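Bear in mind the structure is a predicted one, so any value in this text is a computation, not a measurement.
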Amino acid sequence: MRWTVTRNFGSLDPRGPAIGFLVDRWDPAAGTWVRITAAPVTGTQWYLDTTAPSDTTVFYRATVAYPEGTESAPVGTHAFT
């Protein structure tokens, strides 16, 4: 998963600049989103899911993590095959 971060993104958010991002993967067996990042991913604009199931479509969503421990609403849902 890779994306582009807009410059001054933090200045647009009243909570201030993000400290990283968190990634969830859809678990169809459980019918819920499962957090696959143990802590906010920082210093990069990509994430490699080394535990993704193969030979199927996998759905992900990301949230922005803030310094005070809160996070944004999910920023889209993305499917990878």
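- Through chains of ILVMFWY side-chain contacts below 4.5 Å, Phe59 is grouped with Trp26, Trp33.
- Thr63 is linked by a side chain to side chain donor-acceptor pair (under 3.5 Å) to Glu71, counting only residues two or more places apart in sequence or in another chain.
- At a threshold of 4.5 Å between side-chain heavy atoms, the hydrophobic network of Ile, Leu, Val, Met, Phe, Trp and Tyr places Leu22 and Tyr60 in two separate groups.
- Nearest heavy atoms, Gly20 versus Thr42: CA-CG2, 4.1 Å.
- Ile19 and Ile36 fall into different hydrophobic clusters, where Ile, Leu, Val, Met, Phe, Trp and Tyr side chains are chained together by heavy-atom contacts under 4.5 Å.
- In this structure the side chain of Ser72 never reaches within 4.5 angstrom of the side chain of Phe21, judged on heavy atoms.
- In terms of the side chain to side chain donor-acceptor pair (under 3.5 Å) criterion, residue partners of Thr70 (sequence neighbours excluded) are, by chain and number, Glu68.
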